[in-house]
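The first residue in the sequence is number 1, and the count goes up from there.
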Amino acid sequence: MSVHSGFFPAVRPRGAVRPERCELCGTPVAARHGHVVDTGRRGLLCSCRACFLLFTRCVSGEARYRAVPERYLWDPGHPVACLDWRRLDVPAGFAFVLRRGTRVTAFQPGPAGAVETVLPLDLWADLTAGHPLLAAAEPDVEAIVFRGTDRITECFLVPVDACYRLVGTVRRSWSGRDGGPEMRARVGELFAEIQRRARPLCGGAD
C-alpha cells in the first residue's frame with residue numbers, strides 16, 4: 001500500500017530562500033554546500049564543510065547524522081533494459097528507491113510530494129542479483145533513481161539530496177492530471193544533469 005512519505009517533506013513555497021547557515025552549528029554556508037541526513041527525523045540538513053566532514057565516516061545504523069556522498073554512478077555493463085513498473089507498484093515512469101536497514105522503499109514524486117511503497121525484499125533481491133549498481137547504494141544517504149519507457153529504463157545511483165530536488169521539481173511544476181509539459185521538461189533537465197555527472201561503476205563498486 002502506498003502512503004505519503006514523511007522522509008521527503010513539502011518543499012518551500014516558490015521564491016522562498018533557504019537559510020544560508022549550517023543547520024547543525026549555525027555557521028554561514030555558501031549557496032553550494034553539503035548535506036547531512038538526520039536518520040532519526042528522516043530529514044535533510046544543510047551543513048558547513050566542517051560538519052559535513054565530521055559525519056562522512058559514520059556507519060549506517062551507528063549514527064544519527066550521516067553526510068550525503070557526492071557520487072553519481074551508472075553501470076554500462078548491466079543496463080536495466082525494461083523495468084517492470086507494475087511489480088514495483090509505481091504508476092508512473094520515474095521513481096527512486098531508498099534503503100534504510102532492511103527496508104527498501106520506492107518513492108514516486110507527485111503534486112503533493114512523494115508517495116512511498118515498501119518493496120518486497122525478494123523482489124529487490126531479484127533485481128540486485130543481476131544489477132550490482134542497485135546494491136552499491138549506501139543506506140539512508142544514496143538512492144537508485146529510475147526513468148523508464150516501454151523500451152528502455154535509465155538507472156543511476158545518486159546522492160539522496162538529488163531526490164529531494166526531484167520531488168521539489170515535480171511538485172513546483174506539476175499541472176493538470178498528468179503533470180503537464182513543463183513538469184516533464186524540468187524532470188528531463190534534471191535527468192540530463194544526472195547523466196552528465198554519472199561515472200561508470202567499476203568492478204561492482206566505486
Side-chain angles (χ1 to χ4, degrees), residues 1-3 5 7-8 35 37 39 42 44 56 58-62 66-110 114-167 169-170 179 184 187-206:
M1 181 178 181
S2 297
V3 295
S5 169
F7 197 97
F8 298 90
H35 294 100
V37 169
T39 62
R42 303 177 69 191
L44 192 71
T56 53
C58 295
V59 179
S60 177
E62 296 182 1
R66 297 189 63 209
V68 177
E70 300 173 340
R71 63 179 185 167
Y72 289 75
L73 300 175
W74 69 297
D75 189 356
H78 301 84
V80 181
C82 187
L83 190 68
D84 188 342
W85 295 99
R86 289 172 297 180
R87 290 184 69 197
L88 290 183
D89 194 25
V90 173
F94 59 89
F96 55 91
V97 174
L98 180 71
R99 182 161 58 95
R100 302 183 73 235
T102 60
R103 184 184 177 103
V104 180
T105 306
F107 293 86
Q108 172 57 51
V115 175
E116 67 179 75
T117 302
V118 177
L119 301 182
L121 292 181
D122 56 348
L123 168 59
W124 190 243
D126 288 345
L127 290 171
T128 57
H131 300 91
L133 181 71
L134 307 188
E138 290 289 331
D140 299 309
V141 293
E142 293 181 325
I144 301 295
V145 63
F146 299 96
R147 184 173 67 161
T149 67
D150 291 337
R151 296 184 299 274
I152 190 172
T153 298
E154 297 176 296
C155 177
F156 302 94
L157 183 154
V158 301
V160 73
D161 51 12
C163 299
Y164 277 80
R165 288 180 59 196
L166 178 59
V167 172
T169 296
V170 170
R184 288 189 288 273
V187 169
E189 291 170 358
L190 182 54
F191 270 88
E193 177 187 337
I194 290 171
Q195 187 172 25
R196 287 194 302 270
R197 299 182 68 173
R199 295 179 291 112
L201 182 76
C202 299
D206 182 37

Find the distance between CG (Asp126) and CG (Leu121) and round it off to the nearest 0.5 Å.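 With rounding to 0.5 Å, CG (Asp126) is 11.0 Å from CG (Leu121).
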
Are any of the side-chain heavy atoms of His131 and Asp75 separated by less than 4.5 Å?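 Side-chain contact under 4.5 Å: no.
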
Leu98 and Cys163, any side-chain heavy atoms less than 4.5 Å apart: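 Side-chain contact under 4.5 Å: no.
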
Step through the shown structure and confirm whether more than 12 heavy atoms of other residues, nucleotides or ligands are within 6.0 Å of CZ on Arg184. yes

Please evaluate residues Val145 and Phe94 with respect to the criterion side chain to side chain contact (heavy atoms under 4.5 Å, CB included), reporting the C-alpha separation (whole Å), side-chain torsions for both, the decisive distance (0.1 Å), and the verdict. CA-CA 7 Å; Val145 63; Phe94 59 89; over 6 Å; no

How many angstroms lie between CG in Leu73 and CD in Glu142, if you round to the nearest 0.5 Å? 7.0 Å

Starting from the C-alpha separation in whole Å, work towards a yes-or-no answer on side chain to side chain contact (heavy atoms under 4.5 Å, CB included) for Arg147 and Gln195. CA-CA 11 Å; Arg147 184 173 67 161; Gln195 187 172 25; over 6 Å; no

Measure the spacing between NE2 of His35 and CG of Leu44 and express it to the nearest 0.5 Å. 5.0 Å

Closest heavy-atom contact between Cys155 and Ile144?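 Closest pair (atom of Cys155, atom of Ile144, distance): SG-CG2, 3.7 Å.
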
Given the rule in the side chain to side chain contact (heavy atoms under 4.5 Å, CB included) test, do Arg100 and Thr105 qualify, once you have shown the distances and angles that lead to the verdict? CA-CA 8 Å; Arg100 302 183 73 235; Thr105 306; over 6 Å; no

Might you point out which heavy atoms bring Val141 and Val68 nearest each other, and give the distance in Å?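 Here Val141 and Val68 meet closest at O-CG1, 3.7 Å.
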
What orientation do Phe146 and Trp124 show, parallel under 30°, tilted 30 to 60°, or perpendicular over 60°?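 Perpendicular: the ring planes of Phe146 and Trp124 meet at over 60°.
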
What I'd like to find out is whether the side chain of Leu133 reaches to under 4.5 Å of the side chain of His78, using heavy atoms alone.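 Not in contact.
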
Note: Arg71 and Pro159 closest approach over all heavy atoms is O-CD, 3.3 Å

Straight-line distance of Arg165 CZ to Ile194 CD1, nearest 0.5 Å: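 Going from CZ on Arg165 over to CD1 on Ile194, the span is 7.5 Å.
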
Checking Arg197 side chain against Val158 main chain: does a donor-acceptor pair fall under 3.5 Å?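 The answer is no, because no donor-acceptor pair under 3.5 Å joins these two groups.
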
CG of Leu166 to CG of Asp161: how many Å apart, nearest 0.5 Å?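 These two atoms lie 12.0 Å from each other.
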
Side chains of Val104 and Val97 in contact at under 4.5 Å (non-hydrogen atoms): yes

Could you go through Val187 and Val170, starting from their C-alpha distance and side-chain angles, then the distance that decides it, and tell me whether this counts as side chain to side chain contact (heavy atoms under 4.5 Å, CB included)? CA-CA 7 Å; Val187 169; Val170 170; 3.8 Å; yes

Would you compute the distance between atom CZ of Phe156 and atom CZ of Phe96 and round it to the nearest 0.5 angstrom? 15.5 Å

To check you understand the geometry: which heavy-atom pair defines the closest contact between Ala162 and Leu190, and what is its length?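 The answer is O-CD2, 4.3 Å.
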
